[in-house]
Amino acid sequence: MKTLLVAALVATTAFAGAASAMTGSKVDVAQDTLVEYGFNVDADTLSAAQVNALNTLSVDTELDGPRTAEGRVLTKIRAILN
């Protein structure tokens, strides 16, 4: 019984480590996005939902001029952070 519990614990820890590594790279991408657009926010303090939203952030830049597209990105980031 002890062997089974230890094996389960090791497997759970390994899975959690793999999941956090993936999350770490998402946090890095979120941090890069925040820095690129001038936000002084530590991505490590954000929720998983906020990090995911920053990772999937997209704005169609071909429809409007660059200032308008950047304004849309800033608006979306502010909404994610609130």
Could you give the side-chain donor-acceptor pairs of residues 75-82 under 3.5 Å, partners two or more places apart or in another chain?
residue : atom : partner : partner atom : Å
T75     : OG1  : G71     : O            : 2.9
K76     : NZ   : S58     : O            : 2.9
N82     : ND2  : R78     : O            : 3.1

Selection residues 47-56 - residue pairs positive for side chain to side chain donor-acceptor pair (under 3.5 Å), sequence neighbours left out: K26-N52, S47-Q50
I want to check something: taking the side chain as every heavy atom from C-beta on, are L54 and V29 in contact at a cut-off of under 4.5 Å? no
If I compare all heavy atoms of V51 with all of V27, which pair ends up nearest, and what's the gap? CG1-N, 3.9 Å
Atom pairs and distances, donor-acceptor, side-chain atoms in residues 34-42, under 3.5 Å, two or more places apart:
residue : atom : partner : partner atom : Å
D42     : OD1  : D44     : N            : 3.1

